[in-house]
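Right, one structure below, let's go through it.
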Amino acid sequence: MIQEDLFKKLIAHCKEYGFIFQSSEIYDGLSAVYDYGQNGVELKNNIKEYWWKAMVMLNEEVVGIDSAIFMHPTVWKASGHVDAFNDPLIDNKDSKKRYRADVLIEEHIEKIKAKISKEVDKAAKRFGDSFDEQMFISTNPRTQKYNQQIEEISTRFIKSLEEENFEDIRNIIIENEIVCPVSGSKNWTDVRQFNLMFDTKLGSLAEGANTIYLRPETAQGIFVNYLNVQKTGRMKLPFGIAQIGKAFRNEIIARQFIFRMREFEQLEMQYFIKPGEEEKWFDIWKEKRMKWHQAMGFAPEMYKFHEHDKLAHYAKAAFDIEYKFPFGFKEIEGIHSRTDFDLSQHQKFSGKKMQYFDNETNESYVPYVVETSMGLDRTFLTILSSAYREEKLENETRIVLSIPEPLAPIKLAVFPLIKKDGLPELAKEIMDKLKYDMNCHYEEKDSIGKRYRRHDAIGTPFCITVDHESKENNTVTIRYRDTMKQERVPIEKLQNIIKEKIDLKILLEKL
Ligand code: ATP
C-alpha cells in the first residue's frame, strides 16, 4: 500500500472505530489537539500498564510518582526552558504559512538522501549480483556530490544553531533554494526564536497574578521530588523514578495527526546514578527500551536508533528510538544522558542541597541522570500503523488490527447466534463470569460475519458465538482474529484459554 494512503486510512479508521477524535469537533476542532474515544482509551491504558509494569514492577530499584502539572515558575527558569526551549521559526510571505526552519532544512537533506537512494537503486539494477553499494556510494561522482552537499549543509546548520546565528539559518534556506511547500515561493521572513511553553495565570488578578507554565515535560516533576523520594524511600543509587503524565508544547507545525500535538502524554523515567557510570547506564537503558518496543512483536526493521547531532541544552549524549511511520522514520522515544545538569540547577536556584551521601565511598555528590522519555501518543500510532492490515478474502476485503492480544482494547466479544431461544441470556451469563478478568463486549445485531468484521477492525482477538448446541452441551464456537480459525470449546474452559493469551506477562517476559 502507498504509505501516504495508509496514513490517510489510519486517520479515518481511528475516527470511524472510536479510537481518536478531533478535539471539540462540533466546533470545527482545535488544531493539534485530539481526544481518545472508547477504544482509544483502552489501548492507551494498556500501553501505560505495559510500560509501568516493565519499569516499576520489573525493576526493584525503580519507583513511580505522579506530580502536578503546575509547578513553581522558577522550576522552568532553573531547567533552562524559559531561556532555551525554543524553535527557530520562519514564515513564507506569500502563503503566510509558518515553518520550523530546522525542519525545512532537515527535509531538504532528506530529499538529497532520496536522490542518493535513487542512484543506488538504478545502479543495483544495472550491476545485478555483483553490486557493491558502499563502493558505489563512495566512488560515484553524483552520490559523492550529494553526500558532500549533505555534509556541508549539516555542519553549517549545526554551527549556526549553536551560535544562534539566525541570519545564517535563513541564508542556508535561501542558498539551497528551499521553497514553501504551499506557495512554492522563496519569499521568506527572518528566522525568529519562539518559546514552546504555554503560560497562564495563577490566582485572581486582584491577588497579584503570577505567570505559571503548563509543564512541557514531566521530567522536572521527578527532579524536584528527587530528595523526597530518595529520603522517604531510603533509596540507594542507582535508582529510578518513573512518571506518566500530560505535557504541553505550543508546537507551531502541528501536522501528522497525533505525532505532534499541543497536549500529549509522556512516560518518563529518570535514573539517578553515580557520576562516571553514565556510559554504562546509558547503554543499558538504550537496549532495554528498544527491547520494550520490539517485544510487541512487530517487524524489528520498523525500529532504529538515531544519534542526535544537536544536543539539547541539558544533554551529554542522546539517542532516539525511531519508528518507520507511513511518513518516514521519526522519533518515538529519547534516551538522554543528562549529567547532573538538572539537579545542580535546582540546587542553585532553590538553595536546597541535592547531594547524595555515598556510604561506600564516604563522599557526597550530585547524582548523574540517564533519562528515558517516551511519547504515549506516538507509541500508540506505531501500534496502529504496524497492526493495520487489509486482507483480500474471497468476496471481500477485511480490515484487521493485529494488536498484540494483551494490549487489545476489547479482549473478547460475545455473540448470541440469534436474538431469541434463550441464546442472549446464555451469552450474557458467560460474559458476566468473564468480565472480571477481561474487557468483554456483547453484540447481538447483524449477521455473525458482520460482527466479526467490526471486531477485526478494532483488534478484538477473540469472539465467541453462542448457538443452540451451546444450550445442549455447554460449548461455544471461539474464533481467532488473526487466523480466522474457529473451534468448539467447552464454556468452562474459555477463561483459561483466553486468560493466558491476554496476559501482559507474555510481553513482560520477553524483556
Ligand atoms: P521532536 O524533535 O519530534 O519535537 P523532542 O525531541 O522535542 O521531539 P522530547 O523532548 O525528547 O521530544 O520528548 C520525549 C518524547 O515525547 C518524544 O520522543 C515524543 O515521543 C514525545 N513528544 C514530544 N513532543 C511531542 C508532541 N508535540 N506530540 C506528541 N508527542 C511528543
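Hydrogens, waters and symmetry mates are skipped; everything else that's a heavy atom, side chains included, is used. One-based numbering, in listed order, for ligands and for the atoms of each. Values in this document were obtained by computation on a predicted structure and should not be read as measured data.
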### Task
Please work out which of the three classes, parallel, tilted or perpendicular, describes the rings of Y226 and F272, given edges at 30° and 60°.
tilted

### Query
Is there a nitrogen or oxygen of M261 sitting under 3.5 Å from a nitrogen or oxygen of ligand 1?
yes

### Query
Do the non-hydrogen side-chain atoms of N171 and R156 ever get within less than 4.5 Å of each other?
yes

### Task
Return a yes/no value for E268: is any of its N or O atoms, backbone included, closer than 3.5 angstrom to an N or O of ligand 1?
no

### Summary
Near E251 (heavy-atom distance under 4.0 Å), the atoms of ligand 1 are 24 (N), 26 (C), 27 (N)

### Query
Which atoms of ligand 1 are found less than 4.0 Å from any heavy atom of E333?
18 (O)

### Message
Under 6.0 Å from the ring centre and within 45 degrees of the ring axis: does the NZ or CZ of K286 meet both conditions for the six-membered ring of F319?
### Response
yes

### Query
Does ligand 1 have a heavy atom under 4.0 Å from the side chain of R378, from its backbone, from both, or from neither?
side chain

### Min side-chain heavy-atom separation F85-E217 under 4.5 Å
no

#### Entry: Ligand-side contact atoms (ligand 1) for residue partner I332, heavy atom cut-off under 4.0 Å
18 (O), 20 (O)

### Query
So is K48 actually on top of W51's ring, under 6.0 Å and inside 45° of the axis?
no

### Message
I want to know if ligand 1 touches I258 in the polar sense, i.e. an N/O pair below 3.5 angstrom.
### Response
no

### Task
Using a strict 4.0 Å cut-off to heavy atoms of S373, name the atoms of ligand 1 that fall inside it.
13 (O), 14 (C), 15 (C), 18 (O)

### Query
Would you call E217 a ligand 1 contact, heavy-atom distance under 4.0 Å?
no

### Message
Under a 4.0 angstrom heavy-atom cut-off, which atoms of ligand 1 come close to R260?
### Response
1 (P), 3 (O), 4 (O), 26 (C), 27 (N), 28 (N)

### Message
One residue to check: Q266. Relative to ligand 1, which of side chain, backbone, both or neither has a non-hydrogen atom less than 4.0 Å away?
### Response
side chain

### Query
Between Y388 and H13, is the ring centre distance below 6.0 Å?
yes

### Task
Report yes or no: do S183 and D94 form a side-chain donor-acceptor pair below 3.5 Å?
no

### Task
Answer with yes or no whether H336 contacts ligand 1, where contact means a heavy atom under 4.0 Å from a ligand atom.
yes

### Message
Quick check on the 6.0 Å ring-centre criterion: do F19 and Y17 meet it?
### Response
no

